[in-house]
Amino acid sequence: MKPPIILINYKAYENSYGEKGVEISKKIEKVSKDYGVPIIISVPATMIYKLSQILEIPVYAQHVDALRHGAHTGAILPEMIKDAGAKGSLLNHSERKIRLDEIHEAVTRIRDLGLESVVCADSYELVHPLALLRPNAILIEPPELIGSGRAVSKEKPEVITRAVNEIKKVEGVYLIAGAGITTGEDVYKAIELGADGIGVASAVMKSSTPEKIVEDFVINALKAIDKKK
Ligand SMILES: O=C(CO)COP(=O)(O)O
């Protein structure tokens, strides 16, 4: 059975960068190693190099610009995140949306560079069309539940089940679910509903004991996967 996918999006929370960013990342890596479960962290662009140097878990960017080398002030190109040590990037997050043609270009360039992409979808209807672009995974997240503490798996389980049906139309693309994931039970439920894993931000980034939250998520993800066997 393949391991669950756990993606922690640091966003721009206070402990997403600097010494605090290093500290939380080391704690997350320890849980990943203790349980043998890969945990992806998507970090601010300024932290990619530093964290890639000291960690073995996959470090992702939170966004890339689908642009080529040239006169683009402030741009973050796929080549730049690769050079900094990133293994991949999130794309099209609700808080950082890009156009469909930009998603297509970014996914293709990221793949050509040997990196991975996780494309966010804010409704299940977009899961199939976005999966046709062949990212590594789609992250389904109803925007109204993001940061709410009300988990998609409990509040809108039908979004996950419908997204799971959509992803089946395309082979080899994983489906992960996020928005409001707070407890181990939320994680268990998401995987029970058919997701390959979860995406999370605030429950981890705003916790005073993030390692305990992540451990609880991992234990429950493993339990849910085990039950599916
Ligand atoms: O946007 C998210 C992950 O990308 C989810 O955010 P929350 O876990 O804070 O709801």
Side-chain angles (χ1 to χ4, degrees), residues 4-17 20-21 24-25 27-28 31 38-45 47-48 51 57-64 81 86-98 103 106-107 116-124 126-127 130 135-157 159-160 163 174-191 193 195-218 220-221:
I5 301 169
I6 310 267
L7 186 149
I8 302 173
N9 184 8
Y10 283 23
K11 302 193 177 180
Y13 283 107
E14 255 179 82
N15 53 355
S16 66
Y17 67 100
K20 285 183 184 167
I24 192 170
S25 303
K27 287 178 179 167
I28 291 168
V31 178
I39 299 177
I40 301 166
I41 54 172
S42 68
V43 308
M47 290 298 285
I48 295 172
L51 294 175
I57 55 173
V59 175
Y60 274 29
Q62 297 178 8
H63 162 83
V64 293
I81 65 155
K87 294 280 181 298
S89 185
L90 263 190
L91 290 169
N92 196 44
H93 192 278
S94 285
E95 294 148 12
R96 199 67 158 89
K97 282 207 168 171
I98 54 176
I103 302 173
V107 167
E116 299 168 357
S117 59
V118 173
V119 173
C120 301
D122 57 17
S123 65
Y124 77 88
L126 291 173
V127 169
L130 289 172
N136 295 81
I138 299 285
L139 170 54
I140 176 85
E141 293 194 320
E144 65 280 12
L145 295 177
I146 292 178
S148 71
R150 292 179 294 122
V152 58
S153 44
K154 282 189 185 148
E155 295 278 324
K156 297 201 164 170
V159 171
I160 300 183
Y174 294 113
L175 189 277
I176 60 182
I181 300 276
T182 308
T183 65
E185 198 188 327
D186 300 337
V187 174
Y188 186 92
K189 190 102 199 287
I191 294 173
L193 290 166
D196 295 302
I198 59 105
V200 63
S202 50
V204 174
M205 300 309 289
K206 287 166 85 174
S207 170
S208 54
T209 52
E211 66 282 11
K212 291 213 174 104
I213 304 281
V214 177
E215 185 176 26
D216 189 33
F217 285 2
V218 167
N220 276 280

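Remember, it's 1-based here, ligands and their atoms both numbered in the order they're listed. Hydrogens, waters and symmetry mates play no part in the numbers below; they use all other heavy atoms, side chains included.
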Taking only non-hydrogen atoms of A179, do any sit less than 4.0 angstrom from ligand 1?
yes
Salt bridge (Lys or Arg N to Asp or Glu O under 4.0 Å) pairs touching residues 139-148, sequence neighbours excluded, are E144-K156
Donor-acceptor check, side chain of D186 to backbone of T183, threshold 3.5 angstrom: yes or no?
yes
Can you find an N or O of G147 that's nearer than 3.5 Å to an N or O of ligand 1?
yes
Any heavy-atom pair between the side chains of E95 and I146 that's under 4.5 Å?
yes
Contact atoms of ligand 1, heavy-atom distance to V200 under 4.0 Å:
8 (O)
Any N/O of L139 closer than 3.5 Å to an N/O of ligand 1?
no
S148 side chain to R150 main-chain N or O, any donor-acceptor pair under 3.5 Å?
yes
Look only at interatomic distance and state if E95 has a nitrogen or oxygen under 3.5 Å from any nitrogen or oxygen of ligand 1.
no
Could you tell me whether some N/O pair between G180 and ligand 1 is separated by less than 3.5 angstrom?
yes
Might you point out which heavy atoms bring P135 and V119 nearest each other, and give the distance in Å?
CB-CG2, 3.7 Å
Using 0.5 Å steps for rounding, measure from the CZ atom of R96 to the CG atom of L90.
12.0 Å
Only heavy atoms of E141, strictly under 4.0 Å: list the atoms of ligand 1 that pass.
1 (O), 2 (C), 3 (C), 4 (O), 5 (C)
Can you name the residues that form a salt bridge (Lys or Arg N to Asp or Glu O under 4.0 Å) with K97, not counting sequence neighbours?
D122
Could you identify the single nearest non-hydrogen protein atom to atom 8 (O) of ligand 1 and state the distance to 0.1 Å?
A201 N, 2.8 Å
Quick one: does S202 get an N or O within less than 3.5 Å of an N or O on ligand 1?
yes
Could you tell me the residue and atom name of the protein heavy atom closest to atom 4 (O) of ligand 1, and the distance to it rounded to 0.1 Å?
H93 NE2, 2.9 Å
Do any nitrogen or oxygen atoms of K11 lie less than 3.5 angstrom from nitrogen or oxygen atoms of ligand 1?
yes
